[in-house]
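As structure tokens, the structure follows; a few thoughts come after it.
Residue numbers start from 1 in every chain, and the chains themselves are labelled A, B, ... in the order their sequence lines are given, proteins ahead of strands. We use all heavy atoms of the structure for the numbers below, so side chains are in, but hydrogens, waters and symmetry mates are not.
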Number of protein chains: 2
Amino acid sequence: MDATDARILLALAADPRATVVALAEQLSLSRNTVQARLVRMEQGGVLGSFERRISPKALDQPLTAFVTAQVNQHQLAEVSQALADIAEVVEVFGLSGETDLLVRVVAADAEDLYRVAGQILAVRGIERTTTALAMRELVPHRLTPLLRRAAEGR
Amino acid sequence: MDATDARILLALAADPRATVVALAEQLSLSRNTVQARLVRMEQGGVLGSFERRISPKALDQPLTAFVTAQVNQHQLAEVSQALADIAEVVEVFGLSGETDLLVRVVAADAEDLYRVAGQILAVRGIERTTTALAMRELVPHRLTPLLRRAAEGR
DNA sequence: GTCACTTTTGAGCATATTGCTCAACTTGAG
DNA sequence: CTCAAGTTGAGCAATATGCTCAAAAGTGAC
């Protein structure tokens, strides 16, 4: 990904529904170029799944919580699969140390969250968990600052 | 958001570049309906920014880390602003307790991460931090399971 | 059941976009 | 210089979009 790609993505971030023609005009590039680069980015894994744009709040899951878990590392694969089977589990990272997991979950309300936390703790191979509720989104997910830097070639 | 909206989003998740016409046909809905619902979702905040689809790896920031920080809660606003000024800070949550922050950062390499962690610790109002590197993405961000549930009206 | 209200549908139409191809022109690396 | 890759402008057929409208179908209140 070069600076031009970053400029295209920035324009798209500003207006997700912008057409290729509009992007080309705005960026003073040929339509062909924008089209080719977009295809390349889409196929090259620069763009993740569309699901990422969907807000869980719209799915009546306004609560976000982070569960850290200690696992028996021999059962990491099974644990990982069991967590993936829980719908409310949105994202799981293996943290440094190989024994700690960070599980991002969403829930409809406090009771729902309690239930999900219980499901996680019940997974075979998970030893200990702590749950922290996300009270405020102080900085909503964003990549614009990095995109801007990349667009300027730095 | 109702079950029909969820079905539209599911179809879009499967093929982000699908046209409205294709979605309508696939879902056996009228093109008008799909178009109207998409506009409504886009304007109603169901869809978050396009940036969410961009992979930081493509921006030469293959490392993800989670920094937890303790803050003086009287300075929460200033701290929040200072964190937002760091480009590598991708997302910040205020966790239950009002005194803990979870900061998601990306970095180019270990050295870069060290630098960013230092910047965070240097923010006035931040008392203590711990940094955990995300070694593996065990469950990549996904909403499909919840979407499927919503699509079935449960 | 009836009324009012919202949503969906199908149709139509002008305009814009897409996907594709091609040849010519730049650009940077070796 | 020479090659390979990227960009550009042009063109073209097929398709999608944005918009409007009126009729049909659901929905909930009473």
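Apart from Val21(A) itself, the hydrophobic cluster it occupies contains nothing, where clustering links Ile, Leu, Val, Met, Phe, Trp and Tyr at side-chain heavy-atom distances under 4.5 Å.
For residues 26-37 of chain B, the set of pairs meeting the salt bridge (Lys or Arg N to Asp or Glu O under 4.0 Å) definition, not counting sequence neighbours, comprises Asp2(B)-Arg37(B), Asp5(B)-Arg37(B). Applying the ring pair (Phe, Tyr, Trp, His ring centres under 6.0 Å) rule to pairs touching residues 17-62 of chain A yields nothing, sequence neighbours excluded.
Remark: Phe66(A) engages Phe93(B) in a ring-ring contact (aromatic ring centres under 6.0 Å, His included) (not counting sequence neighbours). When the salt bridge (charged side-chain N to carboxylate O under 4.0 Å, His left out) test is applied to Glu91(A), the partners found at least two apart in sequence or on another chain are Arg104(A), Arg104(B). For Asp85(B), there are no salt bridge (charged side-chain N to carboxylate O under 4.0 Å, His left out) partners, not counting sequence neighbours.
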Would you tabulate the side-chain donor-acceptor contacts of residues 71-79 of chain A under 3.5 Å, counting partners in other chains and residues two or more places apart, or write 'none'?
residue  : atom : partner  : partner atom : Å
Asn72(A) : OD1  : His74(A) : N            : 3.0
Asn72(A) : ND2  : Gln75(A) : OE1          : 3.4

Please table the atom pairs, donor to acceptor, closer than 3.5 Å between any side-chain atom in residues 52-60 of chain A and protein atoms at least two apart or in another chain.
residue  : atom : partner  : partner atom : Å
Arg53(A) : NE   : Gly48(B) : O            : 2.8
Arg53(A) : NH2  : Glu42(B) : OE2          : 2.9
Arg53(A) : NH2  : Gly48(B) : O            : 3.3
Ser55(A) : OG   : Lys57(A) : N            : 3.2

Acceptor/donor pairs from residues 123-139 of chain A side chains to any protein atom, 3.5 angstrom cut, sequence neighbours excluded:
residue   : atom : partner  : partner atom : Å
Thr130(A) : OG1  : Thr68(A) : OG1          : 2.5

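No contact: Arg40(A) has no heavy atom under 4.0 Å from any strand.
Using a 4.0 Å cutoff to heavy atoms of chain B, the contacted part of DNA chain C runs 5' to 3' from dT8(C) to dG12(C).
With the end axes of the helix from dG1(C)-dC30(D) to dG30(C)-dC1(D) each set by five pairs, the angle from one to the other reads 70° at 10° resolution.
Listed in residue order, the members of residues 13-36 of chain A having a heavy atom less than 4.0 Å from DNA chain D are Leu29(A), Ser30(A), Arg31(A), Asn32(A), Thr33(A).
You'll find the side chain of Ile86(A) stays beyond 4.5 Å of the side chain of Val105(A), heavy atoms only.
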